[in-house]
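Heavy atoms only: backbone and side chains are in, while hydrogens, waters and symmetry mates are out.
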Amino acid sequence: NNTLTSKPLKLTKMQAKPIHSPSPYIVPPLLRPPPVHHASLSSQTITKPKPVPAPIPTTDVVIPGRILQPVQPFIDHDDPIAASWDYNFLFMSQRSETTQPIRLRVVEGEIPTDFPSGAYYLTGPGIFKDDHGSTVHPLDGHGYLRAFAFDNATKEVKYMAKYIKTEAQVEEFDRKTNSWRFTHRGPFSVLKGGKKIGNTKVMKNVANTSVLMWGKKLLCMWEGGNPYEIESDTLDTIGKFNMTDGCDLADHGESHGGDVWEVAANLLKPILYGVFKMPPKRLLSHYKLDSSRNRLLTVACNAEDMLLPRSNFTFTEYDSNFKIVEKQEFKIPDHMMIHDWAFTDTYYIVFANRIKLDILGSMEAVCGASPMISALTVNPSKSTSPIYLLPRFPNKSESKKRDWKIPLEIPSQLWLLHVGNAFEVKHDHGNLDIQILASACSYQWFNFRKLFGYKWQTKHLDPSIMNVKGENALPHLVQVSIKLDSDYNYQECDVKPIHKWKKSADFPAINPTFSGKQNKYLYSATTLGSRKSLPSFPFDTVVKFDLTNNSVQTWTAGSRRFIGEPIFVPKGEDEDDGYLLVVEYATSMQRCCLVVLNPKEIGTKKALVARLEIPMHLNFPLGFHGFWAAS
């Protein structure tokens, strides 16, 4: 696929460029490995989480040559303070960048001879604390791009990492003093050392959510603005890449020119665009790749729709040269927020996560006492969940048979998080089945302000919010089935756990060459629940589902080892012919590793192919989303 290409990283000796020397590092107590056993979330109600006690060691990475303090030999592995330390290890600040690629050391197994050449890119936040007392939410942390370049000829893996030089990063990092001062509030944070009241720097584009290689352009994306283009061989930032201009089109819905919400939108625009410097369009960080048509699919929303009971979506499709080949806009009379979405050969699929204004939260946010996202809250007023099937090709006859403005209603309430895949099956009699594989959580658990356990006052994250009790409360995997008749009229909609897997799970993934097609295998990050203090998150296991024979296989990282999103690297024609890449965070060793798994051997002792170690002084925080770009 010529669209998924990247220049190889220069294979030269690495030099680390320290941006700032962190405060003294304290080693956590060594813990006995917990017994591995299966645990399920049996409670039907959500239990209010108990806060984990603080003191937490500093979360800056260790610097080589620093004298480490003696450690206590062993304590109970379920001690809440030790659990909190392990959890916060995943959100340590990394203030250093590499100036040249560094060869990673293989500490277990070996790089397979048939592993393809290419680069695995992973983005996520890099820094959480500045030098003036402020701690930001992980979603507001400056984007830190990591690259793992695989060379099939030399069987070597080279690593690089750099901050994405966004406008906010350039303003908040002082190169002369090597120090940070957070000045942007961001949507999810409260600044302790910065300006609160009157601070209009809300839309802090940190380019930390997802990464994409398309049309020979490496892009780092965020949920509220244009992506940043990156030089693939050096990871230097080129600048913003405009993907939202020209999005204003004639929509497929009714004219809203004279209604009250259009008037309200016109009043909000000068405030949001002028005072708060919000871009008119919010490009969602989640994109889709149509493997059959070799297209990139994106969606953008209007900034003012976050505050109004209507939603505008602009879908754009690009060919392999980044030329626009399809663009449509839809206006939906519903107040919603989406983070991810789906597509099939016929439809764009939008799950309407319903939201509403929070008046009290808005007042607190304006005063600087709480994050700006406090102005919004989930809206659980209805027991069903709407799904909108938007016609992808409106000129086709099947798209004209059904009124897309009427949503389907799932007979249960769920908040959609991430989509692994969606596809449709057309039967001989003309009926259409649509299958969506995704992760979702409950409205009762989802809380904008408390995601990841953010508490700006205490300067650390409380893992209890991510480990509440209650079946289907936390992120879990679901299969949504939609049945339409030959005239595309709604017949039935059903949602159920994938293979009855009810453990906490997220980041569903597939072989990307099957995107939009019927797939047999699904992979995801999950947990076995073996640690009582951290039963649900962070994840420690990769699970593989065979969707045809209902089999489930797992690979577990081990005691006090956690993982991020799994990424599939295609190798051959078979769906599971390739490798899985996943970053492992070994808190007991204070190390980050890149793990290579054989998908065909998940569930056996042969699953682990190789484990590569990142140097300790380059340990990095939990990444969000990654991308494999084949050479």
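- Side-chain contact check for Asp140 and Ser189: at least one donor-acceptor pair (N or O, by modelled atom type) lies under 3.5 Å.
- Counting heavy-atom neighbours within 6.0 Å of Lys450 NZ, excluding the residue itself, gives a total of 12 or less.
- Under the 3.5 Å distance criterion, the side-chain polar atoms of Ser524 are left unmatched by any main-chain donor or acceptor of Val543.
- Checked against His142 for a ring-ring contact (aromatic ring centres under 6.0 Å, His included), the options Phe173, Phe128, Tyr228, Trp180 give a single hit: Trp180.
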**OP:** Show your working on side chain to side chain donor-acceptor pair (under 3.5 Å) between Lys129 and Ser134 and close with a plain yes or no.
**Re:** CA-CA 6 Å; Lys129 300 179 179 180; Ser134 290; over 6 Å; no
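- For Leu219 against Pro227, the heavy-atom pair with the smallest separation is CB-CB, 4.2 Å.
- Phe448 and Phe446 have perpendicular rings, their planes meeting at more than 60° on a 0 to 90° scale where under 30° would count as parallel.
- Expressed to the nearest 0.5 Å, how far CG of Leu522 lies from CG of Leu437 amounts to 5.5 Å.
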**OP:** In sequence, state the C-alpha distance, the side-chain angles, and the governing distance for Arg293 and Glu317, and then conclude on salt bridge (charged side-chain N to carboxylate O under 4.0 Å, His left out).
**Re:** CA-CA 10 Å; Arg293 293 180 174 85; Glu317 301 193 17; 6.0 Å; no
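- Scanning all heavy atoms of the two residues, the minimum distance from Leu534 to Pro463 falls at CD2-CB, 3.7 Å.
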**OP:** Starting from the C-alpha separation in whole Å, work towards a yes-or-no answer on side chain to side chain donor-acceptor pair (under 3.5 Å) for Tyr579 and Asp114.
**Re:** CA-CA 10 Å; Tyr579 295 98; Asp114 60 351; 2.5 Å; yes
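- Within the 4.5 Å cutoff, side-chain heavy atoms of Val609 are placed close to those of Pro112.
- For the atom pair CG (Leu477) and CG (Asp506), the distance works out to 7.5 Å, reported to the nearest 0.5 Å.
- Atom CE of Met589 and atom CG of Asn619 lie 10.0 Å apart (nearest 0.5 Å).
- Side chains of Thr541 and Thr556: a donor on one and an acceptor on the other come within 3.5 Å.
- Aromatic ring pairs are classed by plane angle as parallel below 30°, tilted from 30° to 60° and perpendicular above 60°; the pair Phe322 and Tyr318 is perpendicular.
- The aromatic rings of Phe452 and His137 sit perpendicular to each other, their planes meeting at more than 60°, with 30° as the lower class boundary.
- With Phe115 as the aromatic partner, Lys571 does not meet the cation-pi criteria of under 6.0 angstrom to the ring centre and within 45 degrees of the ring axis.
- Considering Thr209, Ile164, Leu212 in turn, Ile164 is the only one that fulfils the side-chain contact (heavy atoms from CB on, under 4.5 Å) rule with Thr123.
- In this structure, the separation between CD1 on Ile127 and CE on Met92 is 12.5 Å, given to the nearest 0.5 Å.
- Salt bridge Lys240/Glu229: absent, no basic N to carboxylate O contact under 4.0 Å.
- Val157 is listed as a side-chain neighbour of Ile111, based on a closest heavy-atom distance under 4.5 Å.
- Residues Arg611 and Glu584 have side chains in contact (heavy-atom distance under 4.5 Å, counting atoms from C-beta outward).
- Between Phe537 and Phe539, the distance separating the two ring centers is shorter than 6.0 angstrom.
- In summary, Lys544 and Asp576 engage in a salt bridge, as defined by a charged side-chain N under 4.0 Å from a carboxylate O.
- Geometric assessment of Arg449 against the ring of Tyr454 yields a negative cation-pi assignment under the 6.0 Å and 45° thresholds.
- Atom CG of Leu297 is separated from atom NE2 of His286 by 14.5 Å, given to the nearest 0.5 angstrom.
- Side-chain contact check for Tyr287 and Asp340: no donor-acceptor pair (N or O, by modelled atom type) lies under 3.5 Å.
- With respect to Glu613 and Arg105, a salt bridge is recorded, a charged nitrogen being found less than 4.0 Å from a carboxylate O.
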Original post:
Arg560 and Asp86: salt bridge (charged side-chain N to carboxylate O under 4.0 Å, His left out), yes or no, with the steps?
Top reply: CA-CA 7 Å; Arg560 297 186 68 201; Asp86 282 0; 2.7 Å; yes
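- The aromatic ring centres of Phe315 and Trp341 sit less than 6.0 Å apart.
- At a threshold of 4.5 Å between non-hydrogen side-chain atoms, the residues Ile230 and Asp236 do not count as touching.
- Using a 3.5 Å distance cut-off with no hydrogens or angles, the side chains of Thr316 and Glu326 do not pair a donor with an acceptor.
- Between Phe148 and Tyr159, the distance separating the two ring centers is shorter than 6.0 angstrom.
- Between the side chain of Asn302 and the backbone N or O of Phe313 there is no donor-acceptor pair closer than 3.5 Å.
- Here the closest non-hydrogen pair linking Ala629 and Tyr121 is CB-CE1, 4.0 Å.
- Between Leu580 and Val595, every side-chain heavy-atom pair lies at or beyond the 4.5 Å cut-off.
- With respect to the salt-bridge test (charged N to carboxylate O, under 4.0 angstrom), the residues Arg181 and Asp174 do not qualify.
- If you look at Tyr144 and Tyr163, their ring centroids are closer than 6.0 Å.
- Side-chain contact between Phe624 and Leu139: present, with at least one pair of heavy atoms (C-beta onward) separated by less than 4.5 Å.
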**OP:** Apply side chain to side chain donor-acceptor pair (under 3.5 Å) to Thr166 and Asn205, showing your working.
**Re:** CA-CA 7 Å; Thr166 64; Asn205 187 341; over 6 Å; no
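- Aromatic rings of Phe182 and His132 (six-membered ring for Trp) have centroids beyond the 6.0 Å cut-off, not under it.
- Residues Tyr523 and Glu565 have side chains that never bring a donor and an acceptor to within less than 3.5 angstrom of each other.
- For the pair Arg95 and Asp130, the salt-bridge criterion is not met [side-chain N within less than 4.0 Å of a carboxylate O].
- Side-chain N/O atoms of Lys281 and Thr314 include a donor and acceptor closer than 3.5 Å.
- Counting non-hydrogen atoms of neighbouring residues, nucleotides and ligands closer than 6.0 angstrom, the CD atom of Glu110 reaches no more than 12 such neighbours.
- Proximity of a side-chain donor or acceptor of Gln94 to a complementary backbone N or O of His617 within less than 3.5 Å is detected.
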